Chemist: 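Questions regarding the structure given below will be posed in turn.
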Number of protein chains: 2
Amino acid sequence: MGAVTASDLAGWQLFSYLPAGDTARLARVATQHRFGKGQTIFSEGDQADALWVLLKGQVKIFKLSPDGREQVMRIVRGGESFGEAAALSQGDYPAHCEAIARSVAVRFPANDFLALLKGSPQLAVNMIVALSQLLRGFASLVDALALREVSARLAKYLLDASVRAKSDAVVLEVRKSLLAARLGTVSETLSRTLRRLRERRIVRVEGQRIDILDRPALQQIAAGMRI
Amino acid sequence: MGAVTASDLAGWQLFSYLPAGDTARLARVATQHRFGKGQTIFSEGDQADALWVLLKGQVKIFKLSPDGREQVMRIVRGGESFGEAAALSQGDYPAHCEAIARSVAVRFPANDFLALLKGSPQLAVNMIVALSQLLRGFASLVDALALREVSARLAKYLLDASVRAKSDAVVLEVRKSLLAARLGTVSETLSRTLRRLRERRIVRVEGQRIDILDRPALQQIAAGMRI
DNA sequence: GGAACTCCTTGACCTGAGTCAACTGCGGGA
DNA sequence: TCCCGCAGTTGACTCAGGTCAAGGAGTTCC
């Protein structure tokens, strides 16, 4: 745990266009924390007394089933906030949160943040935009889980990742078992699905690297075509 | 389509604690619309140029699978807003929206609303709280779809509904086929699941009315116990 | 260099739940 | 009062995908 300077906050989406005074006030209530790989940041049911921004590393937000299966709701990348919804509606965290790589995060006590929100329309609007995007992400996750087969979810993931990477070569940002949990399945099924794509020459797989060989086919599968 | 007065807006959660000036400005950009049962309010992919508040009636937000299965993301009740996330992040509506009963809704053009947000910290905070609650709802939907069986989802739904009704007698707010789509299943499976609960004397079913006879059993099923 | 991991892959099996089809019964309209 | 139609129920069948178990292939640590 350490102090945070205003310049630490500059450049993050949530704090863009903020007047300097607001940034300074935010920095004053913030504390910096380091987490080792695998370390818990918060658990489902904990009192949501803080909102976080990830500076460095990678963090997963996930739920567990009664028999221990894991659904990853979100993989947080550097610069993104997390725990917002819980902290801002003053209840418990609705999911678990764990660092999946060495990470540095900034913690804002919920009360302080809420108070600052009321005095900073720009911060409030930024927060609203962030929440809206999050909601979009969740809507598409619901769609995927309820209405798409695993092959379509995987195809969509690869296409999205290739857009982000601006390349046909996708390097998975997480281990395959975690990707499986993200896609709402298990690693065995992911492995089999990836094999079907490989056998059809739609992708080439080399460890964490996946090359898209036949984009149109992948798009058809993402749109619901059976394979 | 009709005009909206400030008093029409009073009392709705999103507009609570607003200074009179803000309410008046909101009313000035708002228009009132009536929808018949089954009428489309917007479709997935439409440009999200407005945010809505439902005054009367009932509205469903839903997605369709490639082969036409329906997942209801949300059932909007009187007083709630909808289309917020889409309108506030300036893209397309990510889902379909249809009135499931005769309804009256107020429409706020996205640009106007966004402008008002910047000038009304209280409105912004209300919006943030609303979005946060929505996000919680989605998180629990993801959890249900990915990690719970249909019986557990149904049990949880009944328990929640009974809390809202403050009674062991739950009157379904929607047709069973729509409830099925809400729970991420089909009406046949809902029917069979309900029968299993009936046979075990856990509930009594009379049309749209369901009496909870054995709450502890229902709680166990909601927590993942197989039946 | 090898032991002990952890991650991934593959095969065999099983089951929850979706599909299709038939039937029932209530409720509204003329 | 009699249809007609839609919501709901039930049975039979099918299958996507989860579980269990057994390797294999890198990695890390003595």
Side-chain angles (χ1 to χ4, degrees), chain A residues 36-38 60 64-72 98 100-102 144-155 171-199 203-210 221 224-227, chain B residues 37-38 60 64-72 100-102 144-155 171-199 203-210 221 224-227:
Chain A
K37 180 175 170 173
K60 67 175 176 181
L64 292 174
S65 80
D67 46 310
R69 235 180 65 232
E70 174 179 326
Q71 172 66 48
V72 172
E98 190 182 301
I100 52 181
R102 300 197 73 220
L145 292 171
L147 303 172
R148 315 280 165 172
E149 354 201 293
V150 171
S151 54
R153 295 179 221 164
L154 174 58
V171 177
L172 298 180
E173 58 182 354
V174 294
R175 299 216 166 300
K176 287 189 186 136
S177 51
L178 190 57
L179 173 58
R182 169 81 243 244
L183 297 177
T185 183
V186 295
S187 55
E188 291 95 324
T189 298
L190 173 61
S191 182
R192 281 185 250 271
T193 309
L194 219 33
R195 177 162 58 137
R196 293 222 298 287
L197 296 181
R198 223 186 323 118
E199 285 167 355
V203 301
R204 186 190 308 128
V205 182
E206 280 166 23
Q208 296 288 103
R209 176 197 165 111
I210 298 180
I221 293 168
M225 208 197 65
R226 301 293 176 85
I227 59 169
Chain B
K37 179 175 171 173
K60 67 174 174 181
L64 292 175
S65 79
D67 46 310
R69 241 185 56 236
E70 174 180 325
Q71 171 67 47
V72 173
I100 51 180
R102 300 195 71 221
L145 292 170
L147 303 172
R148 314 280 165 174
E149 0 200 289
V150 171
S151 55
R153 297 178 219 164
L154 174 58
V171 177
L172 298 180
E173 57 181 353
V174 293
R175 300 215 168 300
K176 286 190 186 134
S177 50
L178 190 58
L179 174 57
R182 169 81 244 243
L183 297 178
T185 184
V186 294
S187 56
E188 291 96 322
T189 299
L190 173 61
S191 182
R192 281 185 250 271
T193 309
L194 220 32
R195 177 163 57 135
R196 293 222 298 287
L197 295 181
R198 221 185 325 115
E199 285 169 353
V203 301
R204 186 190 308 129
V205 183
E206 281 166 24
Q208 296 288 103
R209 177 198 163 110
I210 297 179
I221 293 168
M225 210 196 65
R226 304 291 175 84
I227 58 169

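Just so it is clear, the structure is predicted and the values come from calculations on it, not from any experiment. Just so it is clear: chains get the letters A, B, ... in the order the sequence lines come, proteins before strands, and each one is counted from 1.
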Chemist: So A/Val150, base contact, sugar-phosphate only, or nothing? Heavy-atom distance under 4.0 Å.
Modeler: sugar-phosphate
Chemist: Between D/dG18 atom P and A/Leu190 atom CG, what is the distance in whole Å?
Modeler: 11 Å
Chemist: D/dT19 C1' sits how many Å from A/Asp67 CG, rounded?
Modeler: 10 Å
Chemist: Side-chain N or O of A/Ser187 versus OP1/OP2 of C/dT9: is the shortest distance under 4.0 Å?
Modeler: no
Chemist: Spell out, as yes or no, whether a donor-acceptor pair under 3.5 Å connects the side chain of A/Gln71 to the backbone of A/Leu64.
Modeler: no
Chemist: Give a yes/no answer on whether the side chain of B/Thr189 brings an N or O atom under 4.0 Å of OP1 or OP2 in C/dA17.
Modeler: no
Chemist: Choosing from D/dG17, D/dT9, C/dT10, which nucleotide comes nearest the side chain of A/Glu149?
Modeler: D/dG17
Chemist: So, the side chain of B/Gln208 versus the backbone of B/Val174: is there a donor-acceptor pair under 3.5 Å, distance only?
Modeler: yes
Chemist: Roughly, in whole Å, what's the span from CD in B/Glu199 to P in D/dT9?
Modeler: 12 Å
Chemist: Would you say a side-chain N or O of A/Gln208 is under 4.0 Å from OP1 or OP2 of C/dC8?
Modeler: yes
Chemist: Answer yes or no: are there more than 12 heavy-atom neighbours, outside A/Arg196 itself, under 6.0 Å from its atom CZ?
Modeler: yes
Chemist: Given atom CG of A/Leu147 and atom C1' of C/dT19, what is their separation to the nearest angstrom?
Modeler: 16 Å
Chemist: With a 4.0 Å limit, can you tell me whether A/Ser177 has a side-chain N or O closer than that to the phosphate oxygens OP1/OP2 of C/dC8?
Modeler: yes
Chemist: Quick one: the side chain of B/Arg192 and the base of C/dT19, do they pair up donor-acceptor inside 3.5 Å?
Modeler: yes
Chemist: Rounded to whole Å, how long is the line connecting atom CZ of A/Arg148 with atom C1' of D/dA16?
Modeler: 16 Å
Chemist: To check you understand the geometry: which heavy-atom pair defines the closest contact between B/Leu145 and B/Leu183, and what is its length?
Modeler: CD2-O, 4.1 Å
Chemist: For A/Ile227 and D/dA16, what is the distance between atoms CD1 and C1' respectively, to the nearest whole Å?
Modeler: 12 Å
Chemist: State, with a plain yes or no, whether a side-chain heavy atom of B/Val205 is found less than 4.5 Å away from one of B/Lys176.
Modeler: yes
Chemist: Quick one: side chain to side chain contact (heavy atoms under 4.5 Å, CB included) partners of A/Val186, sequence neighbours excluded?
Modeler: A/Arg69, A/Glu188, A/Thr189
Chemist: Can you check each nucleotide of nucleotides 21-30 of chain C against protein heavy atoms at under 4.0 Å and return B for base, S for sugar-phosphate only, - for none, in 5' to 3' order?
Modeler: B---------
Chemist: Rounded to whole Å, how long is the line connecting atom NZ of A/Lys176 with atom P of C/dT6?
Modeler: 19 Å
Chemist: Should B/Leu190 and B/Val150 count as side-chain neighbours, where that means a heavy-atom distance under 4.5 Å?
Modeler: no
Chemist: Verify the contact: side-chain N or O of A/Arg175 to OP1 or OP2 of D/dT27, cut-off strictly under 4.0 Å; return yes or no.
Modeler: no
Chemist: Between D/dT10 atom C1' and B/Leu194 atom CG, what is the distance in whole Å?
Modeler: 14 Å
